[in-house]
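What follows is one structure encoded as structure tokens, with my remarks underneath.
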Amino acid sequence: MRERKKSSAVEVSSVKKKKEKKTKDNNEPREQKEKEESQSIMKQQKNTTSRSKKEKQRKTTEDYESLRESELSGDEVHGTDRDVDNADDHHEEDQTDGSEGHRGVEESDSSEDEVAPRNTIGDVPLEWYKDEKHIGYDISGKKITKKERQDKLASFLANVDDSKSWRKIYDEYNDEEVELTKEEIRLVQRLLKGKAPHTDFDQYADYVDWFKYDDALHPLSNAPEPKRRFIPSKWESKKVVQYVRAIRKGLIKFDEPKEEEPKFYLLWGDDSSAAEKAKHLAYIPAPKPKLPGHEESYNPSLEYIPTQEELNSYQLMYEEDRPKFIPRRFTSLRSVPAYENAVKDSFERCMDLYLCPRVRKKRVNIDPETLKPKLPSRKDLKPYPVACYLEYKGHKGAVVSISTEASGQWFASGSTDGTVRIWEVESGRCLRVLEIGEAIQYVAWNPLPELPVLAVSVGQDVLILNTGLGNEEEQRRVKDLLHVETPTAPDDNMASIVSWLQHDKLDGIRLRHFKMVSSVEWHRRGDYLSTVMPAGESRAIFMHQLSKKLSHRIPFKLHGLPVSSVFHPTRSIFFVSTKKNIRVYDLLKQRLIKKLETGLKEVSSIAIHPAGDNLIVGSREGKLCWFDMDLSSKPYRVLKCHPKDITNVAFHRSYPLFASCSDDCTAYVFHGMVYSDLNQNPLIVPLEILRGHTSSNGRGVMDCKFHPRQPWLFTAGADSVIRLYCH
Amino acid sequence: MDMNIETPEDQNEENSRRVQVRFKTKLKPPQKVPSNSIAIPSNLTRFGLSSVVNNLLQAVNPEWKSEPFDFLINGELVRMSLEQFLLAKGISAEKVLEIEYIKAVAPQKEEEPSLHDDWVSAVDGSNPGFILTGCYDNLGRVWKAGGVCTHILEGHCGAVSSVNIIKSDGLKYVTVATASKDQTLRLWKVCSGSWDCTISLWRTNDSDAAGNQVSIKKRKGNNQVEEPQLEGEAISTLVGHTQCVSSVVWPQQETIYSASWDHSVRTWDVEMGKDLSDIFCGKALNCIDIGGEGSALIAAGGSDPILRIWDPRKPGTSAPVFQFSSHNSWISACKWHNKSWFHLISASYDGKVMLWDLRTAWPLSVIDSHKDKVLCADWWRGDSVISGGVDSKLCVSSGVSIQ
């Protein structure tokens, strides 16, 4: 018993088994052992030994039937002569074997010759039936009674006698002895060697490539679709949950759904736009013929029917302008005559369709408002002169010229009535009247505040007069300065042109020229002054030095009639304007620097910006040109604002203002900002139109000057009034 | 006890709304009405209210001669109908309305203008005994009330631009100062602004060295003998303005206020000679005066028709507290009444002198006696307005009753 157990324990180790097999024929115990081994293996491979089993089964069923009969006849047949201890032992053994056998049943997979086991208790421990007389139930529910145990000694002796005993196995589960056939033994032996159980099975057969992939049309596998293809994927659902959470958190954002425009075919629309959409080459479809309206109806409303007068008027029209179709009324459609132009119209339409050349016109789609320059608001550009609060009255004739004193306390005005008046700005009082006796052309106040001297051009003379203002010391200096010795005539040639004389009546200097002097301009230092004689030809412009009482002709050739001259406010540069152009001269190097082409018909006046890089020019045709000297010799801006001649233009000394006055009795005030940044062009904004003067003899405002310190503008009118416009 | 007073307007508008009012006043008893509340129609204007008060006064005193009154509600003068006023100010008409009445401030009569030979450029009426005027004919004149010129002050060789009565020592000795356009201060003035953008302080009182008392060319009121002139040097010069100083006032010992064409009003510390504060207004200023409440308000007029009043005590702002804009042209002069907190006059180049009360935005009265620009104006004797202008007249409008 113990041996059997031991052998069953080591049955797994194959090496040992092999050794045992080699020596199995030699001795009994070996044979015994081998028998037991084969028994255990047989239990594992029970199904492979099906044939022998079948036979046995047949036999056993017969046995059982007989047994059943005996059981039915008498219950307690076997139990009386049964050894309890033996039975116990057997049962123990049964249990272990049974569990093994049970495993063997499970592992069986060949079903072709499977015979159902006699016992039907199923996979329960056989131990449960240890104390019972039966070992289980057969298929019909009858109890299978245990066989009577053989005496051990007797069975041993029987085994010894029986030469086939080594191939007999006791099947504990079914409680029977099974005799293995020769094939089964062979099979077991093959298994023990680790080979395939059947001899005709070649475990290592050569690989035959049944499938050629080269020209296969059909799928390799004809296998049905696997189930996983039909059930929702777990991974996908996890991913979906992930997305849902991300959407809820706002991590994933969707684009706004595009609003699709409804796609309609515009039946009566122009085809040209549709052609653009369809990206053909430049195909331009012919325009559609006009659709018939009410007037083409056979019975149009009365308002469509032209009256006889209208019909007559059609006759007077040109053939081309005449309406093509004249509506008429008919009582019914039947009475409508044939359309006589039908062939002609359709012919023309056909001609139009394929012969008419068509060109697509490019039209620039620009809002004209955007082309206007963006100008700052006038409110932000304050202060500038707005309203007239003071009038200076006293002149009897048109006031031709005005000039302000440097401090802005007084100003002087010259008139055609032959007087120069000096006014107090603040109160409007005329402080002094200087009777010259001849119509004044121009007045210019000396730019030095401590030298209250006035230059007045009258006819062929330039008078340098003492205004009598200022304190006593200043007066003394002025009197010294304005004293001229008797002319010594150092240069006869010069003396015939310009002579310095003492003006006795008015206590000043009289500079006699050979032609009419139109304008006088002081240099900023107050010592030099330039005079312009338009008729003087080559000797038209002179420079006079007051301290030395000397005169020079400027060494430049002028091309054209000089109109006006002005000194550069900071540098030794001199501007001379002729009727068309402006020439810029360097007085130190004595050469021409620049020539500015105004493009105007006749220049009337020029003024220079206090920084010296910008120049405004007024013309007799009412145009105002702004020159930026850094930009080009052409005007930076041309402002056409006055309907009549511009008589004068002026810059303010400190505020970014400039003004122009004209014979249309108005003065315009502009904002003219010049930036120190060279990249920024000057900003010009029209601000105000100052009215108030009245026209007299066709002349309006003759002169305008800014107050040197306040944003105020003086205007001198032909109506003999001077007005002060304040902010 | 309620009384209903029938007034002419009241009869016309019988069914108009009525307001319960009580008149009160600070005037003396003959002008005091009983302090009962009465119901008056709400469409009454100042004239109606005035006649109500006069009727009430007549009821008490049959010999009462009616007199114009002005009316204050919550410190503001009534310049429209009572109903409109209450609506505009959001005052409830349910309660008894307290109306304070004061004598109407308006010139009662025009006196004969005193004719000069040339434009009247300056006027001073700080002495009740006479008026001092400066004229463009280089003369200063002293006038007695009735258009009688008592004295002519000669000496300047330029037009007199400013005059000032410095001090009156009793009745006999009066010190006057005049400034002229010949760039001299002929009779000494305290401080002077000039076209050279500076303010100069002068002191030539060699007899009184202690002196804040300024002044100093003495001139006896009775004769015209001039004492020898003193050529003085300015003791200090206040520099800061960038353009001509058009007007200066020295209301207290330590501060000088100046207005300039550089658009600023500056306050100067006399001792330090420093600029304390400046107010910018955007327009060139012609005149300045200090007065009003606590003698602290600055009134200034300039090269536009707006009279501006600043309160320098208000921190952090340089915006004017009042702006009066009824003139049509530059304002040439402005003067506070020396007693009243509310009244000031302004003269303008449009030929008008206007009398203002701070409590209303409309002028109290417009004196239109000049035909041309008014160059100067001042108060005289506390109840008259004197003004001089381009038409060479000195006009006196008297009977301005300011309590």
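Chain naming here is simple, since letters A, B, ... match the order of the sequence lines and numbering starts at 1 in each. Every value quoted in this text rests on a predicted model; they were computed, and no experiment measured them.
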Indicate yes or no: at least one non-hydrogen side-chain atom of A:Arg709 is less than 4.5 angstrom from one of B:Asp262. no

For the residue pair B:Ser303 and A:Cys726, what are the closest heavy atoms and their distance? O-CB, 4.1 Å

Under 3.5 Å, side chain of A:His727 to main-chain N/O of B:Gly282, donor-acceptor pair present? yes

Is any side-chain heavy atom of A:His707 closer than 4.5 Å to one of B:Trp261? yes

Tell me, side chain or backbone of B:Lys373 under 4.5 Å from chain A's heavy atoms, or both, or neither? side chain

Where the side chain of A:Gln710 meets the backbone of B:Ala284, is there a donor-acceptor pair that is under 3.5 Å apart? no

Given a strict heavy-atom distance threshold of 4.5 Å, which part of B:Asp350 is in contact with chain A: side chain, backbone, both, or neither? neither

With a 4.5 Å heavy-atom cut-off, do B:Trp119 and A:Ser427 have their side chains touching? yes

Heavy-atom closest pair (A:Glu426 atom, B:Trp330 atom, distance to 0.1 Å) is O-CZ3, 3.6 Å

Honestly, the part of A:Glu391 sitting under 4.5 Å from a heavy atom of chain B is backbone

